[in-house]
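Written out below as structure tokens is the structure these notes cover.
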Amino acid sequence: MEAIILVKAGGIENLKLADIPKPIVQENKVLIKVKAISINPVDIKTRIGKSLYDELKKDPPIILGWDVSGIITEVGSGVTKFKTGDEVFGMINFPGHGKAYAEYVVASASELALKPANISHGEAAAATLAALTAWQALVTNGKVSKGQKVVIQAASGGVGHYAVQIAKYLGAYVIATSSAANKDFVLSLGADEHIDYQKHKIDEVVNDADFVLDPIGDKNIDPSLNAVRKGGTVIMLPSFFKEQIAEKSKAKGVNGYYFSVRSNGEDMKMLAELLAKGIIRSHVSHSYPLNKITEAHLQIESGRTVGKIIVTI
Ligand SMILES: NC(=O)c1ccc[n+]([C@@H]2O[C@H](COP(=O)([O-])OP(=O)(O)OC[C@H]3O[C@@H](n4cnc5c(N)ncnc54)[C@H](OP(=O)(O)O)[C@@H]3O)[C@@H](O)[C@H]2O)c1
């Protein structure tokens, strides 16, 4: 089968199209013929030798990618939930070696959900790592409830655009940030207020939020902590700021921390229901074929992606 191998850590020239054997299905796993994958900032961080690179290199060849949507072609002997021919989507083995940049991927049945019939494989592949992060941040960790004031930063990005929609579904009042160019897109997702982060820091506008999502970190940590009420929650997404958010939150009496998204089939099922009912939707701004995956990397690396980008196989 065709796969994209990362030959060594570094630039996009290290992503090479290769012909490798199809993976073998074990007991509780399924083999998926991949129709679409999506690309995330963690793919870039791992490609350049950070994030999960050291973990992945223990099991060569390194094949990046975690987000897939496709069709099951084989099931392991212990799998009862799915059958050959089912269309499924999910985030495979995160934080581990997902090996999704390939024509076929092996996944645990417990990480997958049936793809809603009303959305494409591309829209489904988009709604995996980014949508799971938004779900696990707002629901599992943040326990956001009706009437709460929620700030979603980088609301026009992969995680942010699902987070706005999920927060509205939960009944929250949503204040969302992006540049002016993406204001209309962010408001179209259901945000109640928009802040242009290039003109205002969020703590110039809000200081009593119940929950703040921070996908940025660094100089944005203090404004995030100032925007939340005492006892409120700030969730930090870039792992680089894990220690800083923990220390600064303690000093401010705020419940602030970094968390990492995890593969979870039950959460995927919830997302599938919301996608099927049209309560949330994927905004796919670019689509690339597998042999143009380097262009997809450059797009995510720009830090300016609107919604999600996908690669079709
Ligand atoms: N901890 C975890 O489990 C986890 C999971 C997923 C993602 N992450 C991390 O979270 C971060 C975001 O991921 P993503 O997939 O959403 O990225 P993304 O799709 O690449 O985000 C791009 C968006 O960010 C916006 N943006 C950039 N700088 C901004 C700023 N200072 N303020 C507000 N918006 C800004 C841009 O909007 P404009 O063009 O309008 O500026 C753009 O639309 C990454 O660092 C990623 O690695 C962590």
Side-chain angles (χ1 to χ4, degrees), residues 38-48 50-53 64-67 91 94-96 98 125-138 140-142 151-166 175-189 191 194-205 212-224 227 234-242 245-246 256-264 267 282-286 296-310:
S38 83
I39 314 291
N40 296 286
V42 68
D43 302 30
I44 313 305
K45 294 174 189 178
T46 305
R47 190 200 77 217
I48 64 173
K50 298 182 179 168
S51 195
L52 296 169
Y53 181 78
L64 297 175
W66 292 270
D67 290 353
M91 177 181 75
F94 193 89
T128 51
L129 188 148
L132 274 176
T133 303
W135 181 265
Q136 292 176 6
L138 289 157
T140 320
N141 286 275
V151 178
I152 306 295
Q153 300 179 83
S156 49
V159 177
H161 93 293
Y162 292 114
V164 170
Q165 298 177 75
I166 292 170
I175 303 171
T177 77
S178 75
S179 66
N182 291 319
K183 177 178 177 180
D184 289 347
F185 171 61
V186 164
L187 292 175
S188 79
L189 300 167
H194 174 265
I195 302 174
D196 174 354
Y197 70 88
Q198 291 168 335
K199 286 209 179 110
H200 300 285
K201 290 188 177 153
I202 50 167
D203 56 346
E204 291 167 28
V205 181
V212 173
L213 185 69
D214 187 343
I216 299 138
D218 205 8
K219 291 197 179 84
N220 199 53
I221 299 177
D222 286 327
S224 287
V234 175
I235 288 193
M236 174 60 56
L237 293 183
S239 58
F240 190 74
F241 304 104
K242 190 176 182 171
I245 187 72
Y257 58 97
Y258 158 82
F259 97 103
S260 172
V261 66
R262 305 254 153 198
S263 296
N264 184 318
D267 289 350
S282 297
H283 178 85
V284 176
S285 56
H286 290 81
H297 268 234
L298 291 176
Q299 172 57 40
I300 287 290
E301 227 169 330
S302 75
R304 300 269 83 83
T305 300
V306 176
K308 291 293 301 170
I309 62 167
I310 58 149

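Both ligands and their constituent atoms are indexed starting at 1 by order of listing. When a residue number appears, it is its place in the shown sequence, counting from 1. What's counted below: heavy atoms across the whole structure, side chains too, no hydrogens, waters or symmetry copies.
Residue G303 has at least one heavy-atom neighbour below 4.0 Å for each of these atoms of ligand 1: 22 (C), 23 (C), 24 (O), 27 (C), 36 (C), 42 (C). The L237 neighbourhood of ligand 1 comprises atoms 1 (N), 2 (C), 8 (N), 9 (C), 10 (O), 48 (C), with distances under 4.0 Å to a heavy atom of that residue. Counting atoms of ligand 1 from 1 in the listed order, those under 4.0 Å from a heavy atom of N182 are 37 (O), 38 (P), 39 (O), 40 (O). Listed by number with element, the atoms of ligand 1 under 4.0 Å from a non-hydrogen atom of T177 are 33 (C). Contact atoms of ligand 1 toward V261: 2 (C), 3 (O) (distance under 4.0 Å to a heavy atom of the residue).
Nearest to atom 12 (C) of ligand 1 by heavy atom, out of G307, A163, P215, is P215.
Heavy-atom distances between K45 and ligand 1 reach below 4.0 Å in at least one pair.
Only the side chain of L129 comes within contact range of ligand 1, with a heavy atom under 4.0 Å; no backbone atom does.
At the top of the distance list for atom 2 (C) of ligand 1, counting protein heavy atoms only, stands F259 O, 3.6 Å. Among protein heavy atoms, atom 25 (C) of ligand 1 sits closest to A154 CB, 3.8 Å. Nearest protein heavy-atom contact of atom 18 (P) of ligand 1 is G158 N, 4.0 Å. With respect to atom 27 (C) of ligand 1, the closest heavy atom belonging to the protein is R304 NH2, 3.1 Å. Among protein heavy atoms, atom 17 (O) of ligand 1 sits closest to P41 CG, 3.4 Å. Here the protein heavy atom with the shortest distance to atom 40 (O) of ligand 1 is S179 OG, 2.6 Å.
Atom CD1 of I166 is separated from atom CG of L213 by 10.5 Å, given to the nearest 0.5 angstrom.
At least one N or O atom of Y197 sits closer than 3.5 Å to an N or O atom of ligand 1. Annotation: V42 places no N or O atom under 3.5 Å from an N or O atom of ligand 1; distance criterion only.
For the residue pair Q153 and N220, a side-chain donor N or O sits within less than 3.5 Å of a side-chain acceptor on the partner.
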